[in-house]
Amino acid sequence: MSQRSTVILGTGSYAPARVLSNAELAQTIDSSDEWIHTRSGIRERRIAAPGEMTSDMAVVAAKNALEDAKLTAADIDLLIVATITPDLPMPAAACIIQHKLGLPTATACFDLNAACSGFIYAFDTACAMLSSGRYRKALVIGVEKLSSIVDWQDRTTCVLFGDGAGAVVVGLSDQPGVGLIGTKLGAYGESVDLLYIPAGGSSRPASGTSVSAGDHFIKMKGKEVFKMAVRAMEESARDILEQHGLTATQIGLVIPHQANLRIIEAIAQYLELPMDRFFVNVDRYGNTSAASIPIALDEARRSGRIRAGDITLLVAFGAGLTYGSALIRW
Ligand code: ACO
């Protein structure tokens with residue numbers, strides 16, 4: 001018997017209402033709209049409202065995805081939440097989201113931390129678990145409230161990040177030739193210190209000293225991350241295409257992690273693809289880490305950029321430094 005394929009049945013996303021423009025941000029730090037836009041392509045980002053939690057954003061995106069899939073909470077038996085900003089250090093945001101969504105008790109719920117590559121890692125995990133035959137329908141959410149871990153005094157990082165959520169419902173299909181073609185995941189663990197949060201984990205638990213030093217905020221060596229990002233994304237895209245006997249020109253749309261327009265442009269150049277084959281919304285949201293790809297995927301689908309039969313390439317990198325890519329035929 002041939003194996004059933006794993007398919008995306010619906011997508012959804014959510015961005016908080018509050019828009020923080022570069023111009024407004026530049027009133028609080030030594031920067032400008034011109035600098036931020038030229039170096040990153042970002043014009044504005046969304047910021048969660050006071051009291052609006054990661055789980056709240058995830059719930060809206062998930063409800064949109066369920067509605068798009070014409071399914072209800074009762075249909076789900078697997079929930080994976082990709083995030084580095086769960087509501088609480090413990091337990092998993094997935095358990096809080098399960099309750100808020102009213103998912104059945106018999107739903108496997110867990111978080112996955114692969115930073116900006118988190119959604120692709122979570123999607124791959126969900127597809128593998130569904131393919132095992134032990135689960136029927138998965139909800140995969142990428143969600144971040146990065147505004148809570150950004151140092152708003154640090155102009156080298158705070159201009160880059162934003163909040164938001166994206167979700168997909170994944171199921172099994174007997175239709176031949178559609179669904180997940182393959183994934184390629186990896187990490188450069190030797191480069192952890194290029195992008196990390198020094199305190200608040202078990203190696204340096206929260207203390208008065210760590211808090212006053214601002215060590216619970218994201219620290220990043222931007223230039224080095226930039227170079228690694230281009231290399232990792234380009235290599236993983238090339239590898240996955242080669243592995244499946246495809247060429248870049250066969251890709252209808254590339255949905256890259258939205259960190260910096262210059263990173264996306266560099267990958268387009270390496271893959272020798274025109275920029276109109278890349279979905280870009282970094283100008284409106286900045287880098288929303290694990291939420292970036294599912295938000296872009298939802299916007300791409302809803303705006304008609306993905307048609308039946310198309311092949312889409314998802315490609316990401318993030319803290320870890322993790323990387324991942326996925327090929328999907330619609
Ligand atoms: N406004 C004005 N000037 C600034 C700002 C700012 N916001 N930030 C830095 N500068 C200054 C620097 O201090 C530096 O000044 P100097 O030359 O006097 O020292 C100058 O601008 C140039 O800084 P660079 O860091 O060299 O600028 P660069 O062109 O590399 O752009 C950027 C910086 C945008 C951060 C880029 O390196 C980048 O995008 N890196 C990748 C980041 C990323 O994608 N991270 C994603 C992973 S996130 C995750 O996994 C959660």
Side-chain angles (χ1 to χ4, degrees), residues 20-45 54 82-86 111-122 142-165 185-189 191-198 200 216-234 236 256-267 280-283 285-296 315-324:
L20 176 61
S21 70
N22 289 346
E24 188 183 346
L25 190 50
Q27 288 169 11
T28 59
I29 49 166
D30 181 14
S31 191
S32 65
D33 174 47
E34 205 266 331
W35 192 96
I36 301 168
H37 186 251
T38 310
R39 300 291 177 124
S40 70
I42 299 165
R43 287 278 188 208
E44 59 190 37
R45 70 286 297 140
T54 291
T83 189
I84 55 168
T85 49
D111 288 1
L112 189 152
N113 177 342
C116 304
S117 310
F119 177 77
I120 297 181
Y121 268 70
V143 56
E144 299 292 5
K145 186 176 169 182
L146 295 178
S147 59
S148 67
I149 57 165
V150 158
D151 180 352
W152 290 100
Q153 310 298 315
D154 175 8
R155 69 174 185 173
T156 67
T157 53
C158 76
V159 301
L160 301 172
F161 300 107
D163 300 336
L185 307 179
Y188 298 96
S191 299
V192 163
D193 64 349
L194 294 185
L195 179 54
Y196 74 128
I197 297 177
H216 297 78
F217 295 129
I218 295 177
K219 311 285 177 202
M220 180 175 73
K221 295 189 178 117
K223 255 193 192 331
E224 287 89 336
V225 174
F226 188 102
K227 282 185 223 146
M228 292 281 288
V230 173
R231 184 178 131 202
M233 287 168 86
E234 194 253 331
S236 81
H257 171 49
Q258 308 284 317
N260 186 319
L261 181 61
R262 292 189 295 136
I263 294 176
I264 299 173
E265 286 170 345
I267 295 158
V280 175
N281 63 9
V282 69
D283 51 324
Y285 300 122
N287 179 349
T288 58
S289 186
S292 139
I293 286 187
I295 292 174
V315 58
F317 76 97
L321 291 172
T322 57
Y323 64 85

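FYI, the numbering just counts along the sequence from 1. Note that ligands are numbered from 1 as they come in the structure, with each ligand's atoms numbered from 1 the same way.
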Original post:
When you check the side-chain N and O atoms of T83 and D111, is any donor under 3.5 Å from an acceptor?
Top reply: no
Original post:
Can H37 and D283 be counted as having a side-chain donor-acceptor contact under 3.5 angstrom?
Top reply: no
Subject >> Backbone or side-chain N or O of G222 under 3.5 Å from ligand 1 N or O >> reply: yes
Original post:
Do V159 and R39 touch side chain to side chain, with heavy atoms closer than 4.5 Å?
Top reply: no
Original post:
Got the closest protein heavy atom to atom 34 (C) of ligand 1, with its distance?
Top reply: N260 ND2, 3.7 Å
Subject >> Ligand-side contact atoms (ligand 1) for residue partner M220, heavy atom cut-off under 4.0 Å >> reply: 42 (C), 43 (C), 45 (N)
Original post:
Under 4.0 Å from ligand 1, counting heavy atoms only, is it the side chain of C116, its backbone, both or neither?
Top reply: both
Subject >> Distance flag for atom 32 (C) of ligand 1, protein heavy atom under 4.0 Å >> reply: no
Original post:
If you measure from each non-hydrogen atom of I218 to ligand 1, which part falls under 4.0 Å: side chain, backbone, both or neither?
Top reply: neither
Original post:
Which ligand 1 atoms does A115 reach within 4.0 Å, using its non-hydrogen atoms?
Top reply: 50 (O)
Subject >> Enumerated ligand 1 atoms positioned under 4.0 Å from heavy atoms of V225 >> reply: 43 (C), 45 (N)
Subject >> Heavy-atom protein contact below 4.0 Å for atom 40 (N) of ligand 1 >> reply: yes
Original post:
Can an N or O of H257 be found at a distance shorter than 3.5 Å from an N or O of ligand 1?
Top reply: no
Original post:
I218 and side chain to side chain contact (heavy atoms under 4.5 Å, CB included): which partner among I197, L160, D151?
Top reply: I197
Original post:
Closest heavy-atom contact between S289 and L146?
Top reply: CB-CD1, 3.8 Å
**OP:** Considering heavy atoms of the protein only, find what lies nearest to atom 1 (N) of ligand 1 and give residue, atom and distance to 0.1 Å.
**Re:** S31 OG, 2.6 Å
Subject >> Closest non-hydrogen atom pair between C158 and I29, with its separation >> reply: SG-CD1, 3.8 Å
Original post:
Just heavy atoms, cut-off under 4.0 Å: does L146 contact ligand 1 by side chain, backbone, both, or neither?
Top reply: neither
Original post:
Is L160 near ligand 1, meaning one of its heavy atoms is under 4.0 Å from it?
Top reply: yes
Original post:
Which atoms of ligand 1 sit under 4.0 Å from any heavy atom of V159?
Top reply: 7 (N)
**OP:** Using non-hydrogen atoms of the residue, decide whether R262 is closer than 4.0 angstrom to ligand 1.
**Re:** yes
**OP:** Show your reasoning for whether side-chain contact (heavy atoms from CB on, under 4.5 Å) applies to R155 and W35.
**Re:** CA-CA 11 Å; R155 69 174 185 173; W35 192 96; over 6 Å; no
Original post:
Do I264 and Q258 have side chains that get closer than 4.5 Å, going by heavy atoms?
Top reply: yes
**OP:** Would you kindly specify which portion of T156 sits under 4.0 Å from ligand 1, judged on non-hydrogen atoms: side chain, backbone, both or neither?
**Re:** both
**OP:** Just do the side chain to side chain donor-acceptor pair (under 3.5 Å) check on T85 and E144 with the steps written out, would you?
**Re:** CA-CA 6 Å; T85 49; E144 299 292 5; 2.6 Å; yes
**OP:** Look at atom 18 (O) of ligand 1 and say whether a protein heavy atom is found at less than 4.0 angstrom from it.
**Re:** no
Original post:
More than 12 foreign heavy atoms under 6.0 Å from CD of E224: is that the case here?
Top reply: yes
**OP:** Could you list the atoms of ligand 1 found under 4.0 angstrom from a heavy atom of D30?
**Re:** 1 (N), 2 (C)
**OP:** Indicate yes or no: does D33 engage R43 in a salt bridge with an N to O separation below 4.0 Å.
**Re:** yes
Original post:
Between N287 and ligand 1, is there a nitrogen or oxygen pair with a distance under 3.5 Å?
Top reply: no
Original post:
So do N113 and Y121 actually touch side chain to side chain, heavy atoms under 4.5 Å?
Top reply: no
Original post:
For ligand 1, is there an atom lying under 4.0 Å from some heavy atom of I263?
Top reply: yes
Original post:
What atoms of ligand 1 come closer than 4.0 angstrom to any heavy atom of G318?
Top reply: 50 (O)
Original post:
In the protein, what heavy atom is nearest to atom 44 (O) of ligand 1, and what distance, to one decimal place, separates them?
Top reply: A259 CB, 3.3 Å
Subject >> CA sep, side-chain torsions, deciding dist, call: W152, S147, side-chain contact (heavy atoms from CB on, under 4.5 Å) >> reply: CA-CA 8 Å; W152 290 100; S147 59; 3.8 Å; yes
**OP:** Can you figure out which of F317, F161, F226, W35 has its heavy atom closest to atom 8 (N) of ligand 1?
**Re:** W35
Original post:
Purely on distance, is any nitrogen or oxygen of R39 under 3.5 Å from one on ligand 1?
Top reply: yes
**OP:** Answer yes or no: does an N/O atom from S289 fall short of 3.5 Å to an N/O atom of ligand 1?
**Re:** no
Subject >> For S236 against V315, the heavy-atom pair lying closest together >> reply: OG-CG2, 3.7 Å
**OP:** Could you check whether the rings of Y188 and Y323 sit parallel, tilted or perpendicular, using 30° and 60° as the cut-offs?
**Re:** tilted
**OP:** Return the residue, atom name and 0.1 Å-rounded distance of the protein heavy atom closest to atom 24 (P) of ligand 1.
**Re:** K223 NZ, 4.0 Å
Original post:
Starting from atom 15 (O) of ligand 1, which protein heavy atom do you reach first, and at what distance in Å?
Top reply: R155 NH2, 4.4 Å
Subject >> Protein heavy atom at shortest distance from atom 47 (C) of ligand 1 >> reply: L195 CD2, 3.3 Å
Subject >> Shortest non-hydrogen contact from I84 toward A115 >> reply: CG2-CA, 3.7 Å
